[in-house]
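Note sheet for the following structure.
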Number of protein chains: 2
Amino acid sequence: MTSKPNARQPSHVACRDCSLSSLCLPLALSIKDIDQLDNIIKRGRPLKKGEHLFLEGDQFSSVFAVRSGAIKTYTATNEGEEQITGFYLPSEILGLSGMDTDTYPVSAQAMETTMICEIPFELLEMLSDQFPELRRHLMRLMSKRIREDQQMMMLLSKKNADERIATFLINLASRFRRRGFSSQSFRLSMSRNEMGNYLGLAVETVSRVFTRFQKNGLISAVGKEVEIRNSVELCALAGGKTLDPNQILVTSA
Amino acid sequence: MTSKPNARQPSHVACRDCSLSSLCLPLALSIKDIDQLDNIIKRGRPLKKGEHLFLEGDQFSSVFAVRSGAIKTYTATNEGEEQITGFYLPSEILGLSGMDTDTYPVSAQAMETTMICEIPFELLEMLSDQFPELRRHLMRLMSKRIREDQQMMMLLSKKNADERIATFLINLASRFRRRGFSSQSFRLSMSRNEMGNYLGLAVETVSRVFTRFQKNGLISAVGKEVEIRNSVELCALAGGKTLDPNQILVTSA
DNA sequence: CGTTGCGTTGAGACATTTCAAAATGTGTGG
DNA sequence: CCACACATTTTGAAATGTCTCAACGCAACG
């Protein structure tokens, strides 16, 4: 093991030395070009749990990459409640949905202590003009996001509570896996409330499904710690289409 | 009146002469550059109702602009039912969500006789390299789409049947309005079934809401013909956040 | 004139929400 | 380290909105 994904990283790590570079924006650039990206990236102090990265309505200026920790984005419903629109894990990019407006359409808040790389959009656009590959990567990111949102719409309009939560857990597992963490056992950074909010379910329903899943041996959960005990069943519940090939948890020898 | 938006257009209209150019891709280009876009655009024969523009899994090659008529996109759920992911009216662009994959993630089908402009993606990318404005416009399109999808997710997770249908009707009205059609009175190109499918409701529920809305004087509907009789109430039901400024139907003197 | 597709209407079933309360967890100041 | 306040999670019972199933009406069509 040359790198521990969960090790705390100093805030001044360069892109070229960042363990996430293969998952993050730099993947679009060749080694020597990465340094140019590196130069425009701002690395702020860590955000504490509950701190905001930006607020809905703030002047749009940057996109962000999560380095460690976790971020949620949310917007206010007509009745003033919060509606969570996404959870972001290390290496994931947020802020792109504000691109065509002058303000962010959502607020972004740290769910735990979180480190962030900030990329001023104007500079990113300039760099995009220079590197077609970076540009295409950005396009791909957005296109991927559109497809993911459509999966989410499918979940919200066709799936029942069990299927929603199974899908959510499998999705999280695969994202952890991709970053070198265990996909069998992990810690949720969001509360039951936030999970329910995101999935269009009442807190109580989330809780009930969790207990039911435990009774049926699908998972075991203590607080925010979750272990997937029967990934085959859980995937089946989630429905094949939500898994992409590298999400498949090893089931055969 | 110099142009009738609903007049049938010959299939060889150039972008520069198209009445939709101010809503469509060309808006990103200066007059003389439009001709370049024009050169790469393919204009096929009209699609008849039910014909497919592309199928889920087809090789991704082009994005499309609707010239007249209407298109729906859909994907298959795990159980093999169809899940409609969007409706496209004249001047709207579809196919962008396939950009980062080699195949289209959805199928696209004509809901009525429809004319299409096809833009080969490879050529569009080349043109993008040449015109930063076009590139930014494409980005904006995708970013807009992401925000719209998020509105949709909000609808699906927080709104009841009445609110969903009100939102849907107001949204359609505003889109018709933008293209110079009446926003008070229009013809739905989709069936009750398709509407319910899209909104995550059973057909019967759609039907019931329609009759209730008529009893309450919000709308009047005969088959697919809809007239909005109380746009204030309907907007209120839909919830302010789904309207952008130019969607506001005139209510004051 | 029967057939077919689509829309409407009614009655009962069902999943999830809502409301209420208890149980558990977490943080804070003494 | 304890005690207390407060937030989160869990559990139960009743309420509710939407779905499902079934029947019927209506228009288009061969």
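Proteins come first, then strands; the chains are lettered A, B, ... in the order of their sequence lines, and each starts at number 1.
Look at CZ on Arg212(A): it is 18 Å from P on dT9(D), rounded to the nearest Å. Between Leu156(B) atom CG and dT18(D) atom P the separation is 13 Å, expressed in whole Å. Going from atom NZ of Lys158(A) over to atom P of dT18(D) covers 15 Å, rounded to whole Å. The separation between Met195(A) atom CE and dT10(D) atom P is 9 Å, rounded to whole Å. Going from atom CG of Asn160(A) over to atom P of dA13(C) covers 20 Å, rounded to whole Å. In this structure, CZ of Arg164(B) is placed 11 Å from C1' of dG17(D), rounded to the nearest angstrom. Between Asp162(B) atom CG and dT16(D) atom P there is a gap of 16 Å when expressed in whole angstrom units. Arg192(B) has its CZ atom 19 Å from the P atom of dG5(C), to the nearest Å.
Of the N and O atoms on the side chains of Ser62(B) and Glu118(B), at least one donor lies less than 3.5 Å from an acceptor on the other residue.
Between Thr211(B) and dT9(C), a side-chain N or O to OP1/OP2 separation shorter than 4.0 Å is present. The side chain of Lys224(A) contributes no N or O atom lying less than 4.0 Å from OP1 or OP2 of dT8(D).
Every residue meeting the salt bridge (charged side-chain N to carboxylate O under 4.0 Å, His left out) condition with Arg147(A), not counting sequence neighbours, appears here in chain and number order: Asp100(B). Residues that satisfy the ring-ring contact (aromatic ring centres under 6.0 Å, His included) test with Phe213(A), not counting sequence neighbours, are absent from this structure. With sequence neighbours left out, the salt bridge (charged side-chain N to carboxylate O under 4.0 Å, His left out) criterion links Glu194(B) to Lys72(B).
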Quiz item: What string of B, S and - do you get for nucleotides 21-28 of chain C, 5' to 3', if B is base contact, S is sugar-phosphate-only contact and - is no contact with any protein heavy atom under 4.0 Å?
Solution: --------

Quiz item: How does protein reach along nucleotides 20-30 of chain D, written 5' to 3' as B (base within reach of a heavy atom under 4.0 Å), S (only sugar-phosphate), or - (no contact)?
Solution: BBB--------

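In this structure, Ser191(B) reaches the sugar-phosphate backbone alone: every heavy-atom distance under 4.0 Å involves primed, P, OP1 or OP2 atoms, never a base. If you check every strand for non-hydrogen atoms under 4.0 Å, Gly196(A) touches nothing.
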Can I get a per-line list of side-chain donor-acceptor pairs under 3.5 Å for residues 195-210 of chain B, giving both atom names and the distance, sequence neighbours left out?
residue	atom	partner	partner atom	Å
Asn197(B)	OD1	Ile84(B)	N	2.8
Asn197(B)	ND2	Glu82(B)	O	2.6

Quiz item: How far apart are the C-alpha atoms of Lys224(B) and Ser189(B), what are their side-chain angles, what is the distance that settles it, and do they pass the side chain to side chain donor-acceptor pair (under 3.5 Å) test?
Solution: CA-CA 7 Å; Lys224(B) 292 191 160 51; Ser189(B) 43; over 6 Å; no

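Using a 4.0 Å cut-off between a side-chain N of Lys or Arg and a carboxylate O of Asp or Glu, Glu81(B) and Lys158(A) do not qualify as a salt bridge.
Within a 6.0 Å radius of CD in Glu233(B), no more than 12 heavy atoms belonging to other residues, nucleotides or ligands are found.
Ring centers of Phe60(B) and Phe54(B): at least 6.0 Å apart, outside the cut-off.
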